[in-house]
Amino acid sequence: MKRHLVSAADLSRDDALLILDTAEELAQLSGRAVKKLPTLRGRTVVNLFFEDSTRTKTSFEVAEKRLSADVINFSAKGSSVSKGESLKDTALTLQAMGADAVVIRHHASGAPARLAQSDWLHGSVINAGDGTHEHPTQALLDAFTMRRHLNPGAGQDLAGRRVTIVGDVLHSRVARSNVHLLNTLGAQVTFVAPPTLLPIGIENWPCEVSYDLDSVLPKTDSLMMLRVQRERMNAAFFPTEREYSRRYGMNGRRMAQLPDHAIVMHPGPMVRGMEITAEVADSPRCTAIEQVANGVSVRMAVLYLLLGGAVFADAPTDTPRTDSVETAQ
Ligand code: NCD
């Protein structure tokens with residue numbers, strides 16, 4: 001069994017479906033008056049955030065609390081990291097306090113992998129976004145949302161579904177994790193972006209590339225808009241915002257070109273008027289808020305499976321531990 005979740009590429013199809021199916025069961029909890037399970041009672045989970053976050057951080061915290069874990073929130077601002085303390089010393093400190101899992105967001109690509117490979121921490125490491133590298137729980141909540149709309153039902157994957165991902169792919173850990181997971185689940189991925197916002201070597205990724213959003217829309221089941229990540233840019237990647245929006249922004253006219261069943265996704269934070277107009281963001285086809293709610297269920301499932309001692313990779317996947325989900329209520 002794998003102890004960590006660092007990359008979406010580490011998940012087999014069975015692992016991914018187990019997480020999605022477990023998340024479906026746990027989602028039922030959010031409709032109840034008392035939204036708690038005792039599953040992680042007595043376990044300590046540390047949220048170690050070196051980068052800003054609204055959705056991911058609160059979503060992990062809600063997930064941990066719904067599973068009754070003891071939660072410690074650690075942000076670099078206001079900690080000894082701002083005095084120059086290293087990742088290693090921070091990790092050793094958390095280990096000394098008995099952390100059973102560390103959820104880490106870091107500006108450096110590879111920081112969660114470094115923690116997972118080290119002997120600084122004995123618990124599980126969950127990547128909540130590292131630099132421009134990966135954001136596996138975002139890809140899982142995106143897949144969960146797509147499955148609900150496009151191919152609902154336990155055990156179902158996304159085979160043959162066409163997913164178009166638009167915008168700043170170069171700086172997007174969401175795009176990287178999505179391309180891995182969507183391929184594992186059988187979907188076809190097309191990236192649409194200005195050439196300057198596509199990574200070198202994209203031709204070796206398991207996806208297609210287009211520079212013409214309008215031509216791809218009618219063949220899209222799920223359209224995922226990405227924010228332009230200015231905080232990761234040190235040069236001009238496109239002439240003007242207006243030019244970017246005109247070619248790569250989602251608006252009402254373009255939404256009308258999508259098939260009726262298609263959804264518009266966004267991981268947040270949205271920059272209205274840039275990659276998405278208010279008309280699209282506020283339309284019933286936009287799943288941005290639904291994705292946030294689904295994020296709680298998916299993160300509960302990940303924590304439950306990693307810390308609850310089930311079943312990634314080499315254990316049989318036909319017996320998810322739903323027994324304890326049910327009996328623990
Ligand atoms: C994304 C991230 O931080 O990578 N947001 C998120 O986690 N929901 C995308 C972004 O910041 O644009």
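Values reported hereafter were calculated over all heavy atoms of this structure, with side chains retained and with hydrogens, waters and symmetry mates removed. Both ligands and their constituent atoms are indexed starting at 1 by order of listing.
- Interface atoms of ligand 1 facing P269, defined by a heavy-atom separation under 4.0 Å, are 10 (C), 11 (O), 12 (O).
- Other residues, nucleotides and ligands contribute at most 12 non-hydrogen atoms within 6.0 Å of the CG atom of D52.
- Between H106 and F50, the ring planes lie tilted relative to each other; the angle falls in the 30° to 60° range.
- For the side-chain contact (heavy atoms from CB on, under 4.5 Å) criterion with I126, the lone passing option out of L303, L307, V102 is L303.
- Distance from atom 7 (O) of ligand 1 to its nearest protein heavy atom, with residue and atom name: H135 NE2, 2.8 Å.
- Of the heavy atoms in V174, only side-chain atoms (C-beta onward) come closer than 4.0 Å to ligand 1.
- Taking any N or O of E231, backbone or side chain, none lies under 3.5 Å from an N or O belonging to ligand 1.
- The shortest contact between atom 11 (O) of ligand 1 and any protein heavy atom is with R227 NH2, 2.9 Å.
- Closest to atom 4 (O) of ligand 1, if we only count protein heavy atoms, is R173 NE, 2.7 Å.
- Within the 4.0 Å heavy-atom criterion, neither part of Q291 lies near ligand 1.
- A heavy-atom distance below 4.5 Å is not found between the side chains of S245 and E275.
- Distances from ligand 1 to the non-hydrogen atoms of S172 include no value under 4.0 Å.
- Residue-ligand proximity: P267 is placed with a non-hydrogen atom under 4.0 Å from ligand 1.
- To the nearest 0.5 angstrom, L185 atom CG is 5.0 Å from L158 atom CG.
- Residue G268 places at least one N or O, backbone or side chain, under 3.5 Å from an N or O of ligand 1.
- Annotation: cation-pi geometry not satisfied between R105 and F49 (NZ/CZ under 6.0 angstrom from ring centroid, within 45° of ring axis).
- The shortest heavy-atom contact between N73 and N47 is OD1-ND2, 2.8 Å.
- Residue-ligand proximity, Q229 to ligand 1, at heavy-atom distances under 4.0 Å covers atoms 9 (C), 10 (C), 11 (O), 12 (O).
- Taking every heavy atom of Q138 and a limit of under 4.0 angstrom, the matching atoms of ligand 1 come to 6 (C), 7 (O), 8 (N).
- For residues 171-187, the salt bridge (charged side-chain N to carboxylate O under 4.0 Å, His left out) pairs, not counting sequence neighbours, are E51-R173.
- Not a single heavy atom of E51 sits less than 4.0 Å from an atom of ligand 1.
- For N127 (side chain) and L5 (main-chain N/O), no donor-acceptor pair under 3.5 Å exists by modelled atom type.
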